[in-house]
Amino acid sequence: MVAFPAIFRSLIRSSSPKSFFLAITKFSNSFLGLASIYTKSSFFSFTSVLCHHLKNQNLDEARFIFDKIPLPSVHLCTKMIAGYAENCRLDDALKLFYKMPVRDTVCWNSMIKGCLGCGSLNMSRKLFDEMPERNVVSWTTMINGYLQFGRIEVAECLFLEMPMRDIAAWNSMIYGYFCNGRVDDAMKLFEGMPCRNVISWTSMISGLDQHGKTNEALFLFQQMVVSGVEPTSTTFSTVITACANGPHLQLGVQVHALVVMLGYSFDAFVTASLVTFYANCKQIDECYKVFNEKLHINVVVWTALLTGYGLNHKHEDALKVFSDMIKLGILPNQSSFTSALNSCCELEALDRGKEIHATAIKLCLETDAFVANSLIVLYSKCGNIKTGVVIFKNICEKNIVSWNTIIVGCAQHGYSMWALAFFTQMIRVGVDPDEITFTGLLSSCSRSGMLQKGRCLFEYFSQCKAIDMKLEHYACMVDILGRSGKLEEAEELVKNMPMKANTMVWLALLSACRMHFDFALAEKSAYCIFDLEPHCSAAYVLLSNLYAAAGRWNDVARIRVKMKGRGIKKQPGQSWLTLKGQRHVFLSGDRSHPSCEKIYKKLEWLGEKLKEIGYVPDQRFALHDVEDEQKDVMLSYHSERLAIGFGLISTVEGSTITVMKNLRICGDCHSAITLMAKIVGREIIVRDSSRFHHFRNGFCSCGDYW
DNA sequence: ATAGGGTTAG
């Protein structure tokens, strides 16, 4: 315990009364009691200590002081009430309010505002009706309340009813219309208002921009300047944001110059907007320059830079910004974490993502929906959906994105029962599914061959008024039907779609044809694709693979010639895995890796083991017109196998190996890896271009259906 | 100086 009297004396000697009271409030309640005695309970001491406690949201301590005051003024009571309301202690606020012997209009208005802040529209209306004398502020506060709760009609009535309307009242209505998406009403009101100030203009510019009418917003800014209204820093940050959203580089640069001339460039809001503006315009150097010129930089400006780097695919730089800000003592918030985690995700840098996750836990942000959503995407993308599920379960207030993220994650990993279970839960807790939920569920069905479930969901969502049926949904459904061999039904669906099928839909049908060897429909689908997108390499490859699997090498050659003639190149297959932050990339038959010798030796050893347990390579997947023996060799050194071989020789026995591949895993590799996982007694996770495969103990999570 | 109107990152 600190020795009070000593500190006390030194404080008295050294400080002005004000700084003295600021200093002592750092100490405990009992000490404050002492302080008031020592200073003879002067009014000044009570008020300033009280205010300080209110500012720091120490309500009970503030009340302790408040109760020591013999006859608190209306003014002081109002402060106390506002303090309670700000901290959601509405009951305490009301109790104090009704106990007051006299109340003025300001006090009534504060109480109304307090009720609104605590979410009680009814209570605030009750007070509004009860109060003896309403002024323009009372009316505006009440109108704002209704606007916040989306009760526009009531707000409109009050606005018309109020005895006198000043500019602030008009501005409130304009802003409220925008908040409720009523853009036309806001514009009408703005045009009809008798007198406008800079706030009216700024509200309009911001509202129009936020509703996608960026050009109109910028036009209004010009009009504002022409009509002689002087912009404030708020106007500038709004206008620069609009330039960022355009994006309008030229105009933004001009506004930037204006900002510098008028001396607004040290405003944090303006700086954050400028950083985002230059990042959106891909002027990353200028972006850093703006950031670097400023002296007082807050977390928002830092996050704008962090996000800006990410937007420009400079993820390493983004992560550097994140660690720099922590080093300099700027606490990252949800947004900073979201951006940093997105950069980790792009880099597939799970290790660094885990470090950031740990920091998020320290700052109690891992239960925040935005942070958690990013974490789930990261873990899921890097192969660890189970951690994603744990994170999901701990989210305090799950939003629609949280539900969609976990459903899509489970779908990608082939955990379709989980995806459906989450969907059921989501419905039960009353969250309305959207288009993305629907896509996630359908893709889940297609990945695990759930034909009936897929049909039911498709039916259910088709009749859902809130859902816009999109091309994705049809593509998924075609996929579900096609994989299950219902090619005719799939074709019917494509024919009867309300919109024209695009490449994605036809590709779904084509790939189903390849799976079920339907040559006629495959050719038909392929030609539809070539009509829409003559350079779609996926269509050529699928068709060529279909012919190859049937041994129709002439047709394969014909397609090759066609591709060559049109200058279309097949994307080369590559696989990679990340070890100790280093990414190792392999091509098929690649011999460039430093550990190449060991990798091939390991794979040869595995090949022997595979033969021993009776494994026969499936040559349909070799897809090259060569002799059979050679085919086996080519299959054995597909890029994913090289990556797995490298994983096996460089990681601890028994640990999980996670490999990524840019194309779909071939059927032969799939069967081989299933057995390899059993032979080496490890879990092998392969993320291919369409989903995850968890190979363990002789089985794959996809149930050999992908 | 106890009450009402516009702004930044995702």
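Within every chain, numbering begins at 1; the chains are lettered A, B, ... in the order of the sequence lines, protein sequences first and strands thereafter. Because the structure is a prediction, the values reported are computed rather than measured.
- Checking B/dG6, B/dA3, B/dT8 against every side-chain atom of A/Q210, the shortest atom distance belongs to B/dT8.
- No donor-acceptor contact under 3.5 angstrom links the side chains of A/H315 and A/N342, judged on distance only.
- Counting non-hydrogen atoms under 4.0 angstrom, A/D267 reaches nothing in the nucleic acid.
- The side chain of A/S339 approaches B/dG10 more closely than any other nucleotide in the set B/dG10, B/dT8, B/dT7.
- With hydrogens and angles left out, the side chain of A/S237 and the base of B/dT7 share a donor-acceptor pair within 3.5 Å.
- When each of B/dT2, B/dT8, B/dA3 is scored by its nearest atom to the side-chain atoms of A/A272, the top-ranked nucleotide is B/dT8.
- The CE atom of A/M204 sits 13 Å away from the P atom of B/dT7 (whole-angstrom rounding).
- Atom CZ in A/F266 sits about 22 Å away from atom P in B/dT8, given to the nearest Å.
- A/S323 places a side-chain N or O within donor-acceptor distance of the main-chain N or O of A/K320, the cut-off being under 3.5 Å.
- With respect to the salt-bridge test (charged N to carboxylate O, under 4.0 angstrom), the residues A/R63 and A/D67 qualify.
- The distance from atom CG of A/N245 to atom P of B/dA9 is 8 Å, rounded to the nearest whole Å.
- Within the 4.0 angstrom heavy-atom criterion, base atoms lie near A/I167.
- Here A/S374 lies out of heavy-atom contact (under 4.0 Å) with every strand.
- One finds no salt bridge joining A/D91 and A/K95 here, because no Lys/Arg side-chain nitrogen approaches an Asp/Glu carboxylate oxygen to under 4.0 Å.
- If you measure from atom CZ of A/F178 to atom P of B/dG6, you get 13 Å, rounded to the nearest angstrom.
- With hydrogens and angles left out, the side-chain atoms of A/Y288 and A/Q283 include no donor and acceptor closer than 3.5 Å.
- As rounded to whole Å, 13 Å separates atom C1' of B/dG6 from atom CG of A/D209.
- Salt bridge status for A/E130 with A/K126: present, with a side-chain N to carboxylate O gap under 4.0 Å.
- Contact between the side-chain N/O atoms of A/Y175 and the OP1/OP2 oxygens of B/dT7 is found at a separation under 4.0 Å.
- Side-chain atoms of A/N109 lie closest to B/dA3 of the nucleotides B/dG4, B/dA3, B/dT7.
- Spacing between atom NE2 of A/H211 and atom P of B/dG6 amounts to 15 Å, rounded to whole angstrom units.
- In the set B/dT8, B/dT7, B/dT2, B/dT8 carries the atom at the smallest distance from any side-chain atom of A/S273.
- Nucleic acid contact class of A/V136 (heavy atoms, under 4.0 Å, all strands): base.
- Using a 4.0 Å cut-off, no side-chain N or O of A/T238 falls inside it from OP1 or OP2 of B/dG6.
- Of the candidate nucleotides B/dA9, B/dG4, B/dT2, B/dA9 has the atom lying nearest to any side-chain atom of A/A304.
- Taking only side-chain atoms of A/S206, from C-beta outward, the nucleotide of B/dG4, B/dT7, B/dG10 with the closest atom is B/dT7.
- Residue A/D166 has its side chain nearest to B/dG4 when only B/dG6, B/dA9, B/dG4 are considered.
- Here the side chain of A/H75 is nearest to one of B/dA9, B/dT7, B/dT2, namely B/dT2.
- Listed candidates were B/dT2, B/dA3, B/dT7. Nearest to the side chain of A/K113 is B/dA3.
- Residue contacts for A/S335: at a heavy-atom cut-off of 4.0 Å it reaches a base atom on one of the strands shown.
- Nearest heavy atom pair, residue A/G119 against residue A/F149, reads O-CZ, 3.6 Å.
- Rounded to whole angstrom, the span from the CD1 atom of A/I81 across to the P atom of B/dA3 amounts to 12 Å.
- Across all strands, A/V74 comes closer than 4.0 Å to no nucleic acid atom at all (heavy-atom distances).
- Atom CG of A/N171 and atom P of B/dG6 are 8 Å apart (whole Å).
- As judged by a 4.0 angstrom heavy-atom cut-off over every strand, A/T232 is placed among the base-contacting residues.
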